[in-house]
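Just below is one structure, and these are the notes that go with it.
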4 protein chains.
Amino acid sequence: MLLLTGFEPFDGDTLNPSRDLAFALEGRRVGGWQVHALELPCRFDRAPAVLDAALARLAPSAVLAIGQAGGRAELSFERVAINLVDARIADNGGLRPAEAPVVAGAPAAYFARWPVKAMAAAARAAGVPAAVSYSAGTFVCNQVFFHLMHRLAGPAAALRGGFLHVPWLPAQAARVAGRPSLDQATMQRGLLAALGAAAGLKPEEDPGDGAGRLD
Amino acid sequence: MLLLTGFEPFDGDTLNPSRDLAFALEGRRVGGWQVHALELPCRFDRAPAVLDAALARLAPSAVLAIGQAGGRAELSFERVAINLVDARIADNGGLRPAEAPVVAGAPAAYFARWPVKAMAAAARAAGVPAAVSYSAGTFVCNQVFFHLMHRLAGPAAALRGGFLHVPWLPAQAARVAGRPSLDQATMQRGLLAALGAAAGLKPEEDPGDGAGRLD
Amino acid sequence: MLLLTGFEPFDGDTLNPSRDLAFALEGRRVGGWQVHALELPCRFDRAPAVLDAALARLAPSAVLAIGQAGGRAELSFERVAINLVDARIADNGGLRPAEAPVVAGAPAAYFARWPVKAMAAAARAAGVPAAVSYSAGTFVCNQVFFHLMHRLAGPAAALRGGFLHVPWLPAQAARVAGRPSLDQATMQRGLLAALGAAAGLKPEEDPGDGAGRLD
Amino acid sequence: MLLLTGFEPFDGDTLNPSRDLAFALEGRRVGGWQVHALELPCRFDRAPAVLDAALARLAPSAVLAIGQAGGRAELSFERVAINLVDARIADNGGLRPAEAPVVAGAPAAYFARWPVKAMAAAARAAGVPAAVSYSAGTFVCNQVFFHLMHRLAGPAAALRGGFLHVPWLPAQAARVAGRPSLDQATMQRGLLAALGAAAGLKPEEDPGDGAGRLD
């Protein structure tokens, strides 16, 4: 099973394409995985626990957390989760933590545990703007990404997964001047192509990193 | 009748959303107008004549010429056509004219002859990124725009019309890094909203300009 | 004599590099011209009259008006002044005119009356980021530019001149995130190179435009 | 002593502001540190060894490596060095390594070992565009940054330091269209302010991270 998480809207918005993307694939088979969709609260104090409960309950073999990155023009397959929380705006619970670790005592960073380059290339080959990104920021998105990678690095070491940042929807970009967006259908086409690329590689074919093999 | 023109692909591309947008509305009624779609060659030596022939044959009451502006993030309702051709790349006939007037002896510029601000606002209200633009460049798009405005300013003074620059499609933006795009369905939704706004105003309600009223 | 105008700071700022650039060259000989610097108020109701008074008093043979375009990365030699005022923010007198002509009954636009391409190329050859721009906006900068071109097109037809938009200074860009700037010394080096290029061409060598020769 | 390193020009260029910045401060006292400047080769196979030799020979108490990031608009105080090399272009020795660790078996990332936020704020307060960055890329810059942080984390744990990415000089940006730059004097003013801020804090006041205190 593939667990797909998306966030509730935040920062006063009523839209968040990450949640819509996850739930649009709920129950479908993608790349041999059965998809289970989950909404995460955009709250530093709750998101990790909600994710943990789902990991325990569902025992997925892969996890993709999705979040919104307003202002980006393309699907961004994140490669690096850092052990740092530093919020520029308040989350949905009114918290705005500064300069704190995601997990005290954990490593400075984890790499995504699947082939982000092949995934971005597959999305582009499907006609969808996509790239590998080396920073998922320091807000709830990066918190969830780091928390997930910390879990995958531990007892759940067989799992694969990572994080995807998606642009605004056109209706969100229409509120400001000159900002890029992608519609949901295009994002979904890119996501499906990327997941197909990930599923087509065995975990042992995933790229390694300086910390050694991924397993 | 509303004449909608779009360009053939150029600069080695096989796609051009401007043509697809025009032909997607062929035969439909939009804002009380019957739409007629026309493809223009991306050639300095032919585009004006093809447009002229259509104006003579069809006697439209409004004309919107559409062109592609790769790298822009939103629908750009052009306000100013300038009497200048200066090509950075060759057109589809291999021509690359430099520093020439579109129409020798004609004015330096014309303003679009319909309410571009209201049109952009209507597109945004429909959830589609859109803006007014004050430069249509100096390539075939501006040539056609200026040529059209020159025609509308003359014996065809009852006509309304202008020029719309549209972003790349996602499949075009996917070839380069970090560039914006809009899918065709979103562009069409914005175009329909904008044309509805233009049709909802009588020509005498269109904004004037420093050259006097539009008639 | 070359009249160099710059604007006073506006929009709550205490800096405006356009004024500093003009006055840094006050009294110097540049390209065979004696430079006279003038500050223009950033007010729709006063800037044209202040410029007119200087034109009458000084009878310059060339005029370059300079203005600030925050957010641009390079010297922008403007090519097109349009007969339109449409203010997004209030000027220094609290006025915010919308959709009005600069000069009622005047043409829709004028082209700059000197070789903007050669000027931008000379600045770049001197190591200064520079380009030709086809829109000077619709604020006081464009008002002054259009007003000046309208004057040059009339009885003062022997004059040459145009408009230069300059980026923020580093100290202005430092207030926001990720915005470009140029320091004053670099801007001045580019300006001197551009004025040298303009002075090196006789007026009859200046590029023409669709409205015919420049004189 | 503060060791300041800059890179030789690369990718066919003859300029690299990072080297000029380092050598402009050679021999000066900055924030109580005596500055020693060092040029690093832009070569994956040599840069770490040249840095190691200088660390051994000079025993600095702080190290700032500087590199060029063409296209950025501001001083970027890097916060995260990742254990990944993936070159998009060849280095000066013709090498273009892909998907390799900087140091096999080392952690996925290190945080900079000094107060990057305070440093960026000090530069901005001095009127210099500056920010904290969370990705130093995957080229020789990140290799040197990671290598340095790996050294500082080991037996040289008393050291402080990090990496600074600087924009192009104006003369470099002048070769392309619309790209930002900063002149050397402005960069130096920002660098001095930032180093003053770092020196003003004791190492134990430096921000920590998820991996625990910095010492």
Side-chain angles (χ1 to χ4, degrees), chain A residues 48 69 72 76 78-88 97-118 120-121 131-139 141-143 145-147 149-150 152-153 162 165 205-214, chain D residues 48 69 72 76 78-88 97-118 120-121 131-139 141-143 145-147 149-150 152-153 162 165 205-214:
Chain A
R72 297 201 192 182
S76 295
E78 298 292 350
R79 184 150 199 177
V80 184
I82 63 173
N83 195 3
L84 181 65
V85 160
D86 192 49
R88 193 180 47 80
E99 296 288 320
V102 177
V103 179
Y110 291 105
F111 287 101
R113 292 177 64 86
W114 57 11
V116 287
K117 272 185 156 180
V132 172
S133 165
Y134 294 89
S135 172
T138 58
F139 197 54
C141 284
N142 176 71
Q143 182 205 33
F145 183 21
F146 186 89
H147 184 89
M149 292 300 105
H150 190 60
L152 301 198
H165 261 128
E205 296 174 291
D206 286 347
D209 57 56
R213 290 300 308 150
L214 291 174
Chain D
R72 297 200 193 183
S76 296
E78 299 292 350
R79 186 151 198 177
V80 185
I82 63 174
N83 195 2
L84 181 66
V85 160
D86 191 48
R88 193 180 47 79
E99 297 288 319
V102 177
V103 179
Y110 290 105
F111 288 101
R113 292 176 65 86
W114 58 11
V116 286
K117 273 184 155 181
V132 172
S133 166
Y134 294 90
S135 172
T138 58
F139 196 55
C141 284
N142 176 70
Q143 182 206 32
F145 183 22
F146 185 90
H147 184 87
M149 292 301 105
H150 189 60
L152 300 197
H165 261 127
E205 296 174 290
D206 286 347
D209 58 55
R213 291 299 310 147
L214 290 173

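The chains referred to below are lettered A, B, ... by the order of the sequence lines, with proteins before strands, and numbering in each begins at 1. This structure is a prediction, so every number in the text was calculated from the model and none was measured.
In terms of heavy atoms, D/A108 sits closest to A/A109 at CB-O, 3.4 Å.
To the nearest 0.5 Å, atoms CZ (A/F111) and CD1 (D/I82) are separated by 4.5 Å.
Each of A/V80, A/N142, A/D86 was evaluated against D/Y134; a single residue qualifies, A/D86, per the side chain to side chain contact (heavy atoms under 4.5 Å, CB included) test.
For D/T138, the part sitting under 4.5 Å from any heavy atom of chain A is the side chain, from C-beta outward, and nothing else.
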